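Both counts, for ligands and for their atoms, begin at 1 and track the order of listing. The shown structure was predicted, so the numbers you read here are calculated from the model rather than taken from an experiment.
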Amino acid sequence: MSIQDNLNEIKQQIKDIADNCNRNPEDVNLIAVSKRQEINNIKQALSTGHLKFGENQIQEAGLKWLELKKDYNNVTLHMIGHLQSNKVKEAVALFDVIETLDSEKLAKALAKEQIKQDKELEYFIQVNTGEEDQKYGIKVKELDDFLSFCQNEQKLNITGLMSIPPESDLSSYHFALLSKLAKRCKLDRISMGMSGDFEQAILFGSTNIRLGTSIFGKRDKV
Ligand SMILES: *Cc1c(COP(=O)(O)O)cnc(C)c1O
């Protein structure tokens with residue numbers, strides 16, 4: 001199947017799943033994860049009118065999207081990988097949404113850079129729902145303080161939470177937790193669900209599913 005066919009099929013699936021759980025399909029945004037995909041594959045997705053994409057690596061994203069965004073200037077580009085605070089200049093210039101806000105140092109650097117570039121992005125806080133040492137993200141018990149720091153002190157536009165569940169766990173536990181946290185924090189957006197578990201994620205209230213493989217097929221290993 002072509003990338004165009006995959007996208008159409010997935011969008012129909014999203015609609016069916018949302019209908020089944022009484023959600024508005026328009027509240028579920030499909031982020032096409034184009035990391036490690038060739039430009040031609042991305043162009044095929046763009047040719048269907050799809051406009052929301054995700055990348056996880058700043059340098060690679062720049063190489064592809066600085067050019068592509070000239071032709072497709074209404075694309076919304078989401079950063080879904082860890083961002084180092086010494087890369088905020090490139091990140092603020094290129095991305096529209098950063099889903100992986102995960103430290104005070106990064107929040108401060110982004111706030112400063114936004115003022116410099118006179119550009120306001122949208123942010124999600126990455127929550128380490130699995131409390132994994134090797135994974136980035138704010139710990140659940142530190143979330144309230146971190147949110148308040150970002151909103152009140154750094155004046156960042158925080159609209160949601162994001163999580164990548166541990167591979168060894170059942171995703172649904174993490175989806176339920178992230179959903180509950182977002183409600184408590186009064187944030188509308190919840191980024192969770194990948195190719196293997198997006199149906200569950202939608203049932204648990206996801207507003208941003210991040211799909212790579214199911215749209216583009218298998219990608220090269222890093
Ligand atoms: C790569 C990636 C995805 C997409 O994963 P697939 O399994 O290919 O759908 C989603 N979210 C994040 C954070 C990723 O790095």
Side-chain angles (χ1 to χ4, degrees), residues 1-14 17 28-38 41-42 44-45 48 50-65 75-84 87 91 94-103 106 121-130 132 134-138 159-172 174-175 177-179 182 189-222:
M1 286 222 307
S2 69
I3 289 167
Q4 288 93 327
D5 290 340
N6 290 343
L7 266 171
N8 287 334
E9 184 168 301
I10 288 162
K11 284 178 179 174
Q12 185 58 47
Q13 280 177 335
I14 293 171
I17 297 164
V28 184
N29 293 287
L30 172 61
I31 312 303
V33 178
S34 50
K35 66 183 183 196
R36 308 206 295 282
Q37 296 293 340
E38 292 172 18
N41 290 351
I42 301 176
Q44 284 185 49
T48 68
H50 190 79
L51 291 172
K52 297 183 181 115
F53 290 84
E55 290 281 346
N56 73 337
Q57 220 264 337
I58 189 95
Q59 198 180 353
E60 182 200 333
L63 285 172
K64 295 187 300 195
W65 285 99
V75 160
T76 307
L77 199 58
H78 292 238
M79 178 58 169
I80 60 166
H82 176 62
L83 179 61
Q84 287 172 290
K87 302 272 172 62
L94 186 64
F95 287 95
D96 304 282
V97 184
I98 290 176
E99 297 198 7
T100 47
L101 188 56
D102 63 3
S103 74
L106 178 62
L121 276 62
E122 194 183 317
Y123 297 94
F124 291 35
I125 294 172
Q126 182 175 356
V127 185
N128 187 352
T129 55
E132 294 172 285
Q134 77 280 14
K135 203 164 266 175
Y136 292 106
I138 299 295
T159 59
L161 301 180
M162 178 267 207
S163 159
I164 309 169
E167 275 174 36
S168 55
D169 282 16
L170 220 57
S171 313
S172 41
H174 299 273
F175 295 162
L177 174 59
L178 196 69
S179 232
R189 303 218 167 260
I190 310 171
S191 175
M192 56 188 193
M194 311 190 353
S195 290
D197 55 17
F198 70 92
E199 174 162 12
Q200 282 292 321
I202 295 171
L203 298 178
F204 280 100
S206 177
T207 66
N208 285 47
I209 55 173
R210 311 177 305 260
L211 308 191
T213 316
S214 53
I215 296 171
F216 295 106
K218 282 216 163 57
R219 59 191 160 253
D220 293 338
K221 291 258 184 294
V222 260

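- Geometrically, ligand 1 and Val33 share no nitrogen or oxygen pair separated by less than 3.5 Å.
- Here's the thing with Ser214: none of its N/O atoms is less than 3.5 angstrom from an N/O atom of ligand 1.
- With contacts defined as side-chain heavy-atom distances shorter than 4.5 Å, the pair His50/Val75 does not qualify.
- For ligand 1 and Gly212, the ligand atoms under 4.0 Å from any heavy atom of the residue are 4 (C), 6 (P), 8 (O), 9 (O).
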Between Ser191 and Asn208, does the side-chain hydrogen bond (donor to acceptor under 3.5 Å, both in side chains) criterion hold? Intermediate values first, please. CA-CA 4 Å; Ser191 175; Asn208 285 47; 5.0 Å; no
Test Phe95 against Trp65 for ring-ring contact (aromatic ring centres under 6.0 Å, His included), laying out the working first. CA-CA 9 Å; Phe95 287 95; Trp65 285 99; 9.2 Å; no
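- A donor-acceptor contact under 3.5 angstrom links the side chains of Glu122 and Thr159, judged on distance only.
- Between Glu55 and Lys64 there is a salt bridge, with a side-chain nitrogen of the basic residue lying less than 4.0 Å from a carboxylate oxygen of the acidic one.
- For the side-chain contact (heavy atoms from CB on, under 4.5 Å) test, residues two or more places apart in sequence or in another chain that qualify with Asn56 are Lys35, Ile80.
- The protein non-hydrogen atom at the shortest distance from atom 9 (O) of ligand 1 is Ser195 OG, 2.5 Å.
- Remark: among candidates Met194, Lys35, Arg219, Lys218, the nearest residue to atom 14 (C) of ligand 1 is Lys35, based on non-hydrogen atoms.
- Near Arg210, meaning under 4.0 Å from any of its heavy atoms, are these atoms of ligand 1: 4 (C), 9 (O), 10 (C), 11 (N), 12 (C), 13 (C).
- When the salt bridge (Lys or Arg N to Asp or Glu O under 4.0 Å) test is applied to Glu132, the partners found at least two apart in sequence or on another chain are Lys135.
- Ligand-side atoms of ligand 1 in range of Ile80: 11 (N), 12 (C), 13 (C), 14 (C), range being under 4.0 angstrom from any heavy atom.
- Close contacts between ligand 1 and Thr213 involve ligand atoms 6 (P), 7 (O), 8 (O), 9 (O) [criterion: under 4.0 Å to a heavy atom].
- Atoms of ligand 1 lying under 4.0 Å from any heavy atom of Leu211, numbered from 1 in the order shown and given with element: 9 (O).
- Contact atoms of ligand 1 toward Ile164: 13 (C) (distance under 4.0 Å to a heavy atom of the residue).
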